[in-house]
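Read the structure below first, then the notes.
Chain letters run A, B, ... following the sequence lines, proteins first, then strands; residues in each count from 1.
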2 protein chains.
Amino acid sequence: MRSSAAGEAIVTLPPRCAACNVRDDALCATLEDAGLVALHGIGRRRTLPAGQVLVWSGDPNAICATVVSGVLKAMRAGPEGREHIVGLAFAGDFVGDLFADTANETIRVMTDAELCVYPRAALQKMLDAHPAMERLLLHRALGALDDARMWMLMLGRKAAGARIATFLLEMARRMGQPGPARFDLPMSRSEVGALLGMTIETVSRQMTSLKRRGVVALPGGRGVIILDRAQLARAAAG
Amino acid sequence: MRSSAAGEAIVTLPPRCAACNVRDDALCATLEDAGLVALHGIGRRRTLPAGQVLVWSGDPNAICATVVSGVLKAMRAGPEGREHIVGLAFAGDFVGDLFADTANETIRVMTDAELCVYPRAALQKMLDAHPAMERLLLHRALGALDDARMWMLMLGRKAAGARIATFLLEMARRMGQPGPARFDLPMSRSEVGALLGMTIETVSRQMTSLKRRGVVALPGGRGVIILDRAQLARAAAG
DNA sequence: CGGATATTTGATGTCTCTCAATCTGTGTGG
DNA sequence: CCACACAGATTGAGAGACATCAAATATCCG
């Protein structure tokens, strides 16, 4: 029950939550102040450097988390031990599997990131008392399913050029500000390949091709500037 | 509250539900008798012939359903209007999107099928009163996500032969009885191609190759007999 | 049995992977 | 401040797998 005016609530809320940039998007958004205090009680804020692993595939599935900032990837091992990226998580997203006892995906931080990490068991217990939280998780699961099916469509049918174009548009949507279409990719060429199902060389060639045609500029190793969005969209459809 | 002994419950339950083969697997399994009567009240049993469309992509998203028997596919349009299969639904599965206002997938019946069809709005309303139902839907959504990511891995990394082998094992698991590894595919070669991201010709050639190597037999157009499961599994891993 | 549809088989081309070398940019130590 | 070293990225040449186009069967159903 929301028992106090805003000015008072700030006193009772954990300071980190009151100032949190994903306070209204993430799991927390579903909770009234008392619930938020409880969630904060079971969770722990962690800052992880790029490359750090949050969950190892095959290990006991002990934790879930809310992404506060940064980008994470979920990976599964394909044949020959090669790893493929099967999902990305951005600020506000929920990562981890609430119900599996053994993790079947490795979750790794791609850029420096802040997370709110929760023990899975405790979070599961909270779920029973907070139907709105469960509803949000259902929404998120369906959103992730939608994403996965979008990638399926791409992996199954699109040529390399169209994959790269689709990928750039998707990254621009998720990372870029509304204004200028300038952003940094949160991952290396090798990781782009692991997501799009192609080799690093093919990724590079397609990027270069877009650059030569004046569709994008590629400043530095990770920078992207979309110069001609219409043509990029056309390339993504083909 | 489960208020009566089994013998009595049969009287109050709709006859179709009492005798239903997915009574303990599907959405219905989460409901006590009174809830089941309510669910039956908003739903309608429909028998659909193979090829029938349940939901058109782009149309208002009006219904969801439980699959009682048969197999359904969820499709999305790729480039050039070609359609790709992004999900399958078997007996006991839930199909449809509870929250989208516009359907973004076409759902089509692959074999003759029986469904319990529910208006989306009414089902959504029931959800608030039945947390167990919501929990099951969350489980199902995560299961579908797991499936989608499995297909992603396949589409991204596996060669044609490995895709076919994986597909056959998966179909055997979902359709076959425990005993003899004999079953009929619920779909045409063309649909297999639309699921695995390859042409009908490549599907055919890979099937023939497995047949020639004595791994499977292919009686009739749709029949499959797995003769050497170990070798099929080996082919699926490659 | 006959026609339509689905599947198999064949010949050829193209795209992407593989292997290999060069280049760029990033960070370090002199 | 510059030279150097290293990892990541780009570019090139060649081979292989799958797509495409085209034809010949097989299967299904009335």
NZ/NE/NH1/NH2 to OD/OE distance under 4.0 Å, E114(B) and R45(B): yes
Shortest side-chain distance from I200(B), nucleotide among dT8(C), dT10(D), dT18(C): dT8(C)
Contacts of R173(B) that satisfy salt bridge (charged side-chain N to carboxylate O under 4.0 Å, His left out) - sequence neighbours left out: E170(B)
Interatomic distance where CG belongs to L210(B) and P belongs to dT7(C) [whole Å]: 17 Å
Check: L98(B) main-chain N/O paired with R120(B) side-chain donor or acceptor under 3.5 Å: yes
Salt bridge flag under 4.0 Å for residues R234(A) and D228(A): no
For the student: nearest non-hydrogen atoms of F94(B) and R140(B), plus distance: N-NH1, 4.0 Å
Sugar-phosphate, base or nothing in reach of G197(A), heavy atoms under 4.0 Å: sugar-phosphate
R189(A) side chain, from C-beta outward: closest of dT10(D), dC17(C), dA19(D): dT10(D)
Gap between atoms CD and P, on Q206(B) and dT7(C) respectively (whole Å): 16 Å
Spacing between M207(A) atom CE and dG8(D) atom P, to the nearest angstrom: 16 Å
Sugar-phosphate, base or nothing in reach of M198(A), heavy atoms under 4.0 Å: sugar-phosphate
Side-chain N,O (R205(A)) to OP1/OP2 (dT16(C)) below 4.0 Å: no
Rounded distance in Å - CZ (R157(A)) to P (dC18(D)): 14 Å
Atom-pair distance (CD1 on I164(B); P on dT8(C)), nearest Å: 10 Å
Side-chain N,O (S204(B)) to OP1/OP2 (dT7(C)) below 4.0 Å: no
side-chain N/O T208(B) vs dT9(C) OP1/OP2, d < 4.0 Å: yes
Gap between atoms CD and C1', on E201(B) and dA11(C) respectively (whole Å): 12 Å
K211(A) NZ to dC23(C) C1', straight-line distance once rounded to whole Å: 12 Å
Contact nearer the 5' end of DNA chain C, comparing S188(B) with R222(A): S188(B)
Between dA9(D) (C1') and M187(A) (CE): distance, integer Å: 16 Å
Touch class at under 4.0 angstrom, heavy-atom based, for G193(B) against every strand present: nothing
OP1 or OP2 of dC17(C) under 4.0 Å from side-chain N/O of T202(A): yes
